[in-house]
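Please read these numbers as outputs of a predicted model, since none were measured by experiment.
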Amino acid sequence: QQQVKQSPQSLIVQKGGISIINCAYENTAFDYFPWYQQFPGKGPALLIAIRPDVSEKKEGRFTISFNKSAKQFSLHIMDSQPGDSATYFCAAYSGAGSYQLTFGKGTKLSVIP
Amino acid sequence: EAGVAQSPRYKIIEKRQSVAFWCNPISGHATLYWYQQILGQGPKLLIQFQNNGVVDDSQLPKDRFSAERLKGVDSTLKIQPAKLEDSAVYLCASSSTSTFYEQYFGPGTRLTVT
């Protein structure tokens, strides 16, 4: 049973455009929501994260929007660059119980010049 | 600060053979994780260690997979015997005790079972 659903599976964006990746979760015990960026041949790297008591968090060109009532969160990449081309994973963590990260299936982003 | 180290980076074996992967976490990180990442999917946790004790191995196929973390530092993940469906990238990650949720990943070992 997939606990974190991620969409779209792939995304093509023009350079300078906005990339938007969406995730939805079911388990209300999740209390930390990170996004990971993975380049080919590399392990995932923590990009940005948010807690459910905050509706938005911005770090540079990357913004997480969080909707607790809808149990959804999204990653926005402003002014997308070819160097942003990678696979992005949303994840969710529960501090009560398993202390595990549950990952979405990933979105392959391609930013074209 | 050195990151999480893994070896080998690539391994090709035939089905029914055995294979072992090694991981050295970030210095001082008490928690170590092994994940399996099948092509086109997100990482799936196999086992989690806290120091040298197992916290969670509920998703580890124990009939063929085993892992150990002697002395609470390095860890080894073994598969014996390997099946075709074990072809995947095996990722090691670590985190500090105070911030379990900030996990740092190694580059992974790409396993191909033929």
State the [atom1]-[atom2] distance between [X] and [Y], to the nearest 0.5 angstrom.
X       : Y        : atom1 : atom2 : result
A/Tyr93 : B/Glu102 : OH    : CD    : 10.5 Å
B/Ser95 : A/Leu101 : OG    : CG    : 8.5 Å
A/Lys42 : B/Phe105 : NZ    : CZ    : 15.5 Å
B/Gln59 : A/Gln100 : CD    : CD    : 6.0 Å

Would you say [X] and [Y] are hydrophobically clustered, going by side-chain heavy atoms of ILVMFWY under 4.5 Å?
X       : Y       : result
A/Phe62 : A/Phe33 : yes
A/Tyr25 : A/Leu75 : yes
A/Val13 : A/Ile21 : yes
B/Leu84 : B/Phe21 : yes
B/Leu32 : B/Ile47 : yes

- Main-chain N/O of A/Gly41 paired to B/Arg9 side chain as donor or acceptor, under 3.5 Å: yes

Counting only heavy atoms not in [X], do more than 12 sit closer than 6.0 Å to its [atom1] atom?
X        : atom1 : answer
B/Leu39  : CG    : no
B/Lys71  : NZ    : no
A/Ile112 : CD1   : yes

- Item | Top contributor to chain A interface from B/Ala93, B/Cys92, B/Pro107 [non-hydrogen pairs under 4.5 Å] |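 Of the options given, most contacts go to B/Pro107.
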
- Query: Of all of B/Pro43, B/Gly106, B/Gly108, B/Ser58, which one pairs up most often with chain A through heavy atoms under 4.5 Å apart?
  - Reply: B/Pro43

- Message: Taking side chain as everything from C-beta outward and backbone as N, CA, C, O, which of these in B/Gln6 sits under 4.5 Å from a heavy atom of chain A? Side chain, backbone, both or neither.
- Response: neither

- Identify which part of B/Gln50 has an atom lying under 4.5 Å from any heavy atom of chain A, answering side chain, backbone, both or neither. neither

- Message: Please give me the minimum heavy-atom distance between A/Pro44 and B/Leu91, naming the atom from each residue.
- Response: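 Closest heavy-atom pair between A/Pro44 and B/Leu91: CD-CD1, 3.8 Å.
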
- Note on the structure: Nearest heavy-atom approach of B/Gln103 to A/Tyr36 is O-OH, 3.1 Å

- Which region of A/Gln9, side chain (C-beta onward) or backbone (N, CA, C, O), has a non-hydrogen atom less than 4.5 Å from a non-hydrogen atom of chain B, or is it both or neither? neither

- Message: If you define the side chain from C-beta out and look only at heavy atoms, does anything of B/Gln41 sit under 4.5 Å from A/Phe89?
- Response: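 The answer is no; the side chains never approach within 4.5 Å.
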
